[in-house]
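The structure appears right after this line, and notes come after that.
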Amino acid sequence: MASAGILLFVFTVSYITGSKAFVTVQCKPETTVQYGQKSLLECVVTTKQEATDLQIRVVTWKKEGVDDALLVFNRGKTTHMPGYSFAEPSWNDRNMNVSLLITNNAALQDEGVYTCVVMTYMGSASNRTSLKVTAKYRVPTIKAIPESINRNTEGTLVCTSDGGYPEGQLRWFDQDGMEWTKSAKMEVQKTENGLSHLTSRLTLLQGSIFSQYTCVVFNASGEKVDETIFVVPEPRKSPVPVPGGTDPTSKIVAPVVVIGSLIVGLLLAVLLYRKRTQQARRHSAAPLMSDHHVPRDESDAEEGDYQDTDKECHNSLA
């Protein structure tokens with residue numbers, strides 16, 4: 001009720017003294033702020049040259065659609081709702097900068113028209129300013145349905161981007177820059193915080209699929225925000241038959257078989273050589289083990305003769 005009485009008094013004084021226009025309030029017509037950041041509504045009090053040593057008696061900030069005043073300065077005391085204050089912390093009644101600082105992170109409900117009313121001993125004035133909130137869309141993502149899509153199959157590309165405000169748009173382009181947005185279907189959903197979630201589906205028909213597609217997200221002003229490129233995979237090539245019916249794998253298997261055969265043959269040869277060497281050693285050592293060795297063949301007989309000759313030589317020396 002107190003704020004309503006102040007406003008009524010301010011407007012009454014404005015009506016009485018408005019013709020003199022010693023005091024004016026100049027505000028920036030429009031302010032745009034990013035979602036989640038602080039907002040500043042700029043307004044300053046100006047006077048004519050005749051008005052010197054001006055002192056402010058009342059300052060009131062209100063927002064359309066909100067009954068209570070956001071900030072009130074009256075009789076040297078400032079009261080305000082949480083999240084609102086003068087832009088200058090050390091503000092006093094001699095300071096002509098009456099800008100409003102919204103210290104809360106900007107949300108969509110902060111959008112709207114704000115009114116600043118100022119009353120001085122020389123008269124009163126008011127002005128309006130608007131606040132707009134924007135949010136940047138995230139980098140779009142593209143998903144293929146089915147995931148195994150290639151240039152010889154049909155499928156759908158789904159592009160999504162969210163976190164933006166106001167409502168934006170998703171557009172499609174091929175590798176040559178030709179636009180295919182008219183062939184796509186876009187949906188817009190609102191999230192809990194009021195931001196937009198964009199989804200666009202582009203259907204690809206077999207035989208008319210390009211090598212790559214680009215999904216671009218634009219904001220409400222038509223400005224490009226970001227993009228993502230999707231490269232359509234080439235179809236898998238089937239094995240090329242080798243002339244003569246030879247399987248390509250045989251080119252690998254055949255050398256392996258040959259090398260394996262050589263290794264086995266070499267091992268067998270080594271084993272056979274070792275076996276024959278051992279047999280030869282046993283034959284050469286047999287005459288030394290017995291004096292009554294019976295020759296089995298002509299070579300053994302010759303060895304016996306040599307042994308008798310050795311014995312005779314030994315006896316004669318004895």
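Numbering starts at 1 and runs along the sequence shown.
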Assess the residue pair Thr134 and Gln34 against the criterion (side-chain hydrogen bond (donor to acceptor under 3.5 Å, both in side chains)); give the C-alpha distance rounded to whole Å, side-chain angles, the decisive distance to 0.1 Å, and a yes or no.
CA-CA 5 Å; Thr134 63; Gln34 280 288 327; 3.3 Å; yes

Ignoring hydrogens and angles, tell me if any N or O in the side chain of Thr120 forms a donor-acceptor pair with the backbone of Met122 under 3.5 Å.
yes

Of the non-hydrogen atoms in Ile149 and Thr156, which two are nearest, and what is the gap between them?
CD1-N, 4.2 Å

Do Val33 and Leu41 belong to the same hydrophobic cluster, where Ile, Leu, Val, Met, Phe, Trp and Tyr are linked whenever their side-chain heavy atoms lie under 4.5 Å apart, directly or via other members?
yes

Would you say that Ser211 contacts Arg151 through its side chain, given a criterion of any heavy-atom pair below 4.5 Å between the two side chains?
yes

Whether the side chain of Lys62 engages the backbone of Asp67 through a donor-acceptor N/O pair (distance < 3.5 Å, no angle test) should be reported.
yes

More than 12 heavy atoms of other residues, nucleotides or ligands under 6.0 Å from CZ of Arg94: yes or no?
yes

Please identify each residue that fulfils side chain to side chain contact (heavy atoms under 4.5 Å, CB included) with Lys185, with sequence neighbours left out.
Glu187

When you compare the side chain of Ile142 with that of Trp172, does any pair of heavy atoms fall below 4.5 Å?
yes

More than 12 heavy atoms from other groups under 6.0 Å of CD on Glu147:
no

Please confirm whether the backbone N or O of Thr228 pairs with a side-chain atom of Thr214, one donor and one acceptor, at under 3.5 Å?
no

Between Tyr137 and Ser196, the two heavy atoms sitting closest are OH-CB, 3.3 Å

Phe22 side, atom CZ; Thr47 side, atom OG1 - distance, nearest 0.5 Å
10.0 Å

Have a look at Val45 and tell me which of Val59, Asn127, Asn97, Leu54 forms a side chain to side chain contact (heavy atoms under 4.5 Å, CB included) with it.
Leu54

Within one Ile-Leu-Val-Met-Phe-Trp-Tyr cluster: Phe86 and Val118, side-chain cutoff 4.5 Å
yes

For Gly123 and Val23, work out which heavy atoms get closest and say how close.
O-CG2, 4.2 Å

To the nearest 0.5 Å, tell me how far Leu198 CG sits from Phe218 CZ.
12.5 Å

For the side chain of Asp110 and the backbone of Ala107, is there at least one donor-acceptor N/O pair under 3.5 Å apart?
yes

Leu101 reachable from Tyr114 in the ILVMFWY side-chain graph, under 4.5 Å edges:
no

Within the distance-only criterion (no hydrogens, no angle test), does the side chain of Gln26 pair as donor or acceptor with the backbone N or O of Val44 below 3.5 angstrom?
no

Glu30 and Thr129 side chains, donor-acceptor separation under 3.5 Å
no

Which heavy atom of Ser200 sits nearest a heavy atom of Ala184, and at what distance?
OG-CB, 3.6 Å

Less than 2.5 angstrom apart at the SG atoms, yes or no, for Cys43 and Cys116?
no

Side-chain heavy atoms of Ser39 within contact of Thr31, under 4.5 Å:
no

Relative to the ring of Phe210, is the ring of Trp180 parallel (under 30°), tilted (30 to 60°) or perpendicular (over 60°)?
tilted

Can you name the nearest heavy-atom pair linking Leu170 to Ser161, along with the distance?
CD2-CB, 4.1 Å

Salt bridge present between Arg57 and Asp93 (N-O < 4.0 angstrom)
no

As an exercise, state the distance from NE2 of His197 to CZ of Arg138, rounded to the nearest 0.5 Å.
10.0 Å

Report the distance from atom CD of Gln169 to atom OG1 of Thr181, rounding to the nearest 0.5 Å.
6.5 Å

Any side-chain to backbone donor/acceptor pair from Trp61 onto Val98? Under 3.5 Å, distance only.
yes

Path from Met178 to Phe230 over hydrophobic side-chain contacts below 4.5 Å:
yes

How about Val117 and Ser124: do any of their side-chain heavy atoms sit closer than 4.5 Å?
no

Is there a donor in the side chain of Glu223 and an acceptor in the side chain of Ser221, or the other way round, less than 3.5 Å apart?
no

Could you check Thr160 against Thr199 for side-chain hydrogen bond (donor to acceptor under 3.5 Å, both in side chains), going step by step and ending with a plain yes or no?
CA-CA 5 Å; Thr160 58; Thr199 303; 5.9 Å; no

Between atom CG of Leu70 and atom CE of Met81, what is the distance when rounded to the nearest 0.5 Å?
6.0 Å

Check whether any side-chain heavy atom of Ser183 sits under 4.5 Å from a side-chain heavy atom of Leu202, and report yes or no.
yes

Considering only heavy atoms from C-beta outward, does the side chain of Leu195 approach that of Asp162 to under 4.5 Å?
no

Transitively linked via ILVMFWY side-chain contacts under 4.5 Å: Val216 with Met186?
no

Atom CD1 of Ile56 and atom CG of Asn74: how far apart are they, to the nearest 0.5 Å?
12.5 Å

Using a strict SG to SG cutoff of under 2.5 Å, would you count Cys159 and Cys215 as disulfide-linked?
yes

State whether the number of non-hydrogen atoms from other residues, nucleotides or ligands found under 6.0 Å of Lys38 atom NZ is greater than 12.
no

